[in-house]
Protein chains: 2
Amino acid sequence: MSEIQQVRKGSTSLLILSVLLEGPSHGYAIMRKLEERSNGYFKMTAALLYPTLHQMEQEHLIESVWENAVGQRRKKIYTITPKGKEHLTKGNTEWKRFFDQLFNVMDYSAEAKKVQ
Amino acid sequence: MSEIQQVRKGSTSLLILSVLLEGPSHGYAIMRKLEERSNGYFKMTAALLYPTLHQMEQEHLIESVWENAVGQRRKKIYTITPKGKEHLTKGNTEWKRFFDQLFNVMDYSAEAKKVQ
DNA sequence: TGATATATATAAGAATATGATATATAATTA
DNA sequence: TAATTATATATCATATTCTTATATATATCA
């Protein structure tokens, strides 16, 4: 597996919650919005999306209702819960801390190398 | 698993390479340096460190020699290879891109929410 | 002598991601 | 009209990475 694919692990639920913060949406639309907003960087696949959505629903981070409109494929509409909003805020903070520490260590080493 | 533990996935090899960029070191010392430089944030465990080191050696990112000094426990000294240095540079860039895109999506959503 | 720090290592299991496959409808194009 | 593409949800087998627990062994300090 490439480095960047490993990196992406664990970000899925946070990205989904980010999209749902704007308003209710269904699986396929979430996938498309993520790709669109990152200019194709986040290429979410169905095999990752749907199991993640199911798990997030079990954890009460999101809720769903089926929409059965005539002349359209049926869709499962997901909404972010208050617990989901908390999770997103907390996750955002934790990611920022993690990146700070990661680049702290990497920059420290790069600086030490220059001095040699 | 907590969000932050998921986040950490895939960063291990990059952190190890960062430490080795400064100079050769052995497993236990790498573990301690990482904890020290991140003020305790990165708590690397032996069970994660040693298998990762073995794998990285197989991928030729690092090389090792046994050191058998008298009056000391024997140590396996690891050195970063040219391939490892490339890997670190590339990984650093990829992490930065990932970070940019992640917060791009998250901030976009937070802004859209404010406007509602 | 016992506790702690140093030092390397593996096994079992959990969590997350990928590639492949399945099913089905709506809209578009040839 | 037929074929293709886009929409829409879902699972399975497999791979990868991480955690908890366990094992072994030496040096140092109280």
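Hydrogens, waters and symmetry mates are skipped; everything else that's a heavy atom, side chains included, is used. Quick caveat: nothing in here was measured; it's all calculated off a predicted structure. Lettering of chains follows the sequences in order, A, B, ..., and the numbering in each one begins at 1.
- For the OP1/OP2 pair of C/dT6 and a distance below 4.0 Å, the side-chain nitrogens and oxygens of B/Tyr28 include at least one atom meeting the criterion.
- With rounding to the nearest 0.5 Å, the separation of CG in B/Asn104 from OH in A/Tyr41 is 11.5 Å.
- In this structure, A/Glu59 places its CD atom 11 Å from C1' of C/dA15, rounding to the nearest Å.
- Interatomic distance, B/Lys76 NZ to B/Ser25 OG, rounded to the nearest 0.5 Å: 14.0 Å.
- At the phosphate of D/dT9, neither OP1 nor OP2 sits under 4.0 Å from any side-chain N or O atom of A/His54.
- To the nearest angstrom, P of C/dT8 lies 12 Å from CD of B/Glu57.
- Applying the Watson-Crick and G-U wobble criteria (two distances, each under 3.5 Å), C/dT18 pairs with D/dA13.
- One interatomic measurement links the two molecules: CZ of A/Arg73 to P of C/dT25, which rounds to 7 Å at whole-angstrom precision.
- Rounded to whole Å, atom C1' of D/dC18 lies 15 Å from atom CG of B/Leu53.
- In this structure, A/His26 does not reach the D/dT7 phosphate: none of its side-chain N or O atoms is under 4.0 Å from OP1 or OP2.
- A salt bridge links A/Glu22 with A/Arg37: the closest approach of a Lys/Arg side-chain nitrogen to an acidic carboxylate oxygen falls below 4.0 angstrom.
- Separating the CD atom of A/Glu67 from the P atom of C/dA26 is a distance of 14 Å, rounded to the nearest angstrom.
- Taking side-chain N and O atoms only, A/Lys76 has a distance below 4.0 Å to OP1 or OP2 of D/dA10.
- One interatomic measurement links the two molecules: CG of A/Leu49 to P of C/dT18, which rounds to 12 Å at whole-angstrom precision.
- Protein atom CG of B/Leu48 is 13 Å distant from nucleotide atom C1' of C/dA9, rounded to whole Å.
- Nucleotide D/dC29 forms a Watson-Crick or G-U wobble pair with C/dG2, both donor-acceptor distances falling under 3.5 Å.
- Side-chain N/O atoms of B/Thr12 include one lying less than 4.0 angstrom from OP1 or OP2 on D/dC18.
- In this structure, A/Thr93 OG1 and A/Phe98 CZ are separated by 15.0 Å, a value rounded to the nearest 0.5 Å.
- The six-membered or imidazole ring of B/Trp95 lies near that of A/Phe99, with a centre-to-centre distance under 6.0 Å.
- The side chain of A/Lys75 lies closest to D/dT9, out of C/dT10, D/dC18, D/dT9.
- An OP1 or OP2 oxygen of D/dT17 is reached within less than 4.0 angstrom by a side-chain nitrogen or oxygen of B/Gln55.
- C/dT18 atom C1' lies 17 Å from atom CZ of A/Phe42, rounded to whole Å.
- For the pair B/Ala47 and B/Arg32, nearest-nucleotide mapping onto DNA chain C gives the more 5' position to B/Arg32.
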